[in-house]
Undergrad: 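Take this structure, written in structure tokens, and hold onto it; I'll ask about it next.
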Amino acid sequence: MGRSKLEKFAAIAERENVVEPGDELYGQLKGKWRQEFFENGNPLVLEIGCGRGEYTVGMARLFPDKNYIGLDIKGARIWKGSTMAQEEDLHNVGFLRTFIENLEDNFAEGEVDEIWVTFPDPRPRDRDIKRRLTSPRFLDLYAKILKPGGIVHLKTDNQMLFEYTLEVLQERQPKELLSTADLYQSDLQEHTMGIFTTYEKRYLEEGITIKYLQFKV
Ligand SMILES: C[S@@+](CC[C@H](N)C(=O)[O-])C[C@H]1O[C@@H](n2cnc3c(N)ncnc32)[C@H](O)[C@@H]1O
């Protein structure tokens, strides 16, 4: 039988690769992730709403000279990524259990090099538009913590969210916008490095095309 949520919460509370409220380090790493958490000066890449952290861990395997942080509020999902990183002895991976809304409490202006938004909840109802992770409020947050020229990537199965994001971006005129409504029929797939998240695998099995875009702030 699998581990219960409570066992997973107890396990991540002890993990050195997880920072969460209640830890001594929580809230203390703003502006100091490189020096104090990773103990190097390497680029910092953040996956928000990382779920089980497949992108975070997948990229960390490929690029040992970059630091990766997976952020999600759900501890039982973070447990999975934290466990993979621990078992593979990956020291360039960390997980932050918090709300995305708290980004500015956890990262300094310009501290992050790249942000991945992987299969976010589409929030189709009009009253939830502000909660979409590519709404102007969130894009403003990302722009604050990204360095100038930092990249935001979005991978989604959801056509509505994809079109909505392109509309929002049209008004903001970002630098170097690249997009495709069918990633695996596009040259842009090289940017996504052949990494598949739990949600992506499910959508691909259902025959749903994956949409992808990236832009620079
Ligand atoms: C649809 S799942 C996708 C998970 C993963 N990226 C994947 O592709 O398998 C969305 C994830 O975002 C997280 N999430 C949604 N809103 C959040 C918020 N405001 N703060 C932190 N995490 C959030 C959820 O807990 C969930 O794990």
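First listed ligand is number 1; within each ligand, the first listed atom is number 1.
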Undergrad: Counting N and O atoms only, with roles assigned by atom type, does the side chain of Ser135 sit under 3.5 Å from a partner on the main chain of Arg131, one being a donor and the other an acceptor?
TA: no

Undergrad: Can you list the atoms of ligand 1 that are under 4.0 Å from a heavy atom of Thr198?
TA: 9 (O)

Undergrad: Can Tyr199 and Thr118 be counted as having a side-chain donor-acceptor contact under 3.5 angstrom?
TA: no

Undergrad: For His153 and Trp116, take the angle between the two ring planes, folded into 0 to 90°, and tell me which bin it lands in: parallel under 30, tilted 30 to 60, perpendicular over 60.
TA: parallel

Undergrad: Is it the case that one hydrophobic cluster holds both Leu146 and Val117, taking links as side-chain heavy atoms less than 4.5 Å apart, direct or via other members?
TA: yes

Undergrad: Hey, does the side chain of Arg52 reach the backbone of Lys80 with a donor-acceptor pair shorter than 3.5 angstrom?
TA: no

Undergrad: Might you point out which heavy atoms bring Ser186 and Thr180 nearest each other, and give the distance in Å?
TA: CB-OG1, 3.5 Å

Undergrad: Closer than 4.0 Å to some heavy atom of Lys74 - which atoms of ligand 1 meet that?
TA: 25 (O)

Undergrad: With respect to Asp113, which candidate in Lys147, Lys66, Lys216 satisfies the salt bridge (Lys or Arg N to Asp or Glu O under 4.0 Å) definition?
TA: Lys147

Undergrad: To the nearest 0.1 Å, how far is atom 4 (C) of ligand 1 from its closest protein heavy atom, and which atom is that?
TA: Gly49 O, 3.5 Å

Undergrad: Considering only protein heavy atoms, which is closest to atom 8 (O) of ligand 1, and at what distance to one decimal place?
TA: Thr197 OG1, 2.6 Å

Undergrad: Judging by distance only, is a nitrogen or oxygen of Arg123 under 3.5 angstrom from one on ligand 1?
TA: no

Undergrad: Please write down residue, atom name and distance for the protein heavy atom closest to atom 17 (C) of ligand 1.
TA: Ile100 CD1, 3.6 Å

Undergrad: With backbone taken as N, CA, C and O and side chain as the heavy atoms from C-beta onward, which portion of Thr98 lies under 4.0 Å from ligand 1: side chain, backbone, both, or neither?
TA: backbone

Undergrad: Assigning hydrophobic clusters by single linkage (Ile, Leu, Val, Met, Phe, Trp, Tyr; side-chain heavy-atom cutoff under 4.5 Å), is Ile115 placed with Ile73?
TA: no

Undergrad: Distance to 0.1 Å, residue and atom name: give those for the protein heavy atom nearest to atom 26 (C) of ligand 1.
TA: Arg77 NH1, 3.1 Å

Undergrad: May I ask you to check whether Asp121 has an N/O atom sitting below 3.5 Å from an N/O atom of ligand 1?
TA: no

Undergrad: Is there a polar contact, in the sense of an N or O pair closer than 3.5 Å, between Thr118 and ligand 1?
TA: yes

Undergrad: Considering only the protein, which heavy-atom contact is closest to atom 9 (O) of ligand 1, and what is its distance?
TA: Tyr199 CD1, 3.0 Å

Undergrad: Taking the basic N atoms (NZ, or NE/NH1/NH2) and the acidic carboxylate oxygens, is any pair closer than 4.0 Å for Asp23 and Arg15?
TA: no

Undergrad: Are the side chain of Glu20 and the backbone N or O of Gly75 linked by a donor-acceptor pair below 3.5 Å?
TA: no

Undergrad: Can you sort out which atoms of ligand 1 are near Cys50, meaning under 4.0 Å from one of its heavy atoms?
TA: 5 (C), 6 (N)

Undergrad: Just need the protein heavy atom nearest to atom 1 (C) of ligand 1, so name the residue and atom and give the distance.
TA: Phe119 O, 3.2 Å

Undergrad: Starting from atom 19 (N) of ligand 1, find the nearest protein heavy-atom neighbour and note its residue, name and distance.
TA: Glu101 OE1, 2.9 Å

Undergrad: What protein heavy atom is closest to atom 22 (N) of ligand 1, reported as residue, atom name and distance in Å?
TA: Ile73 N, 3.4 Å

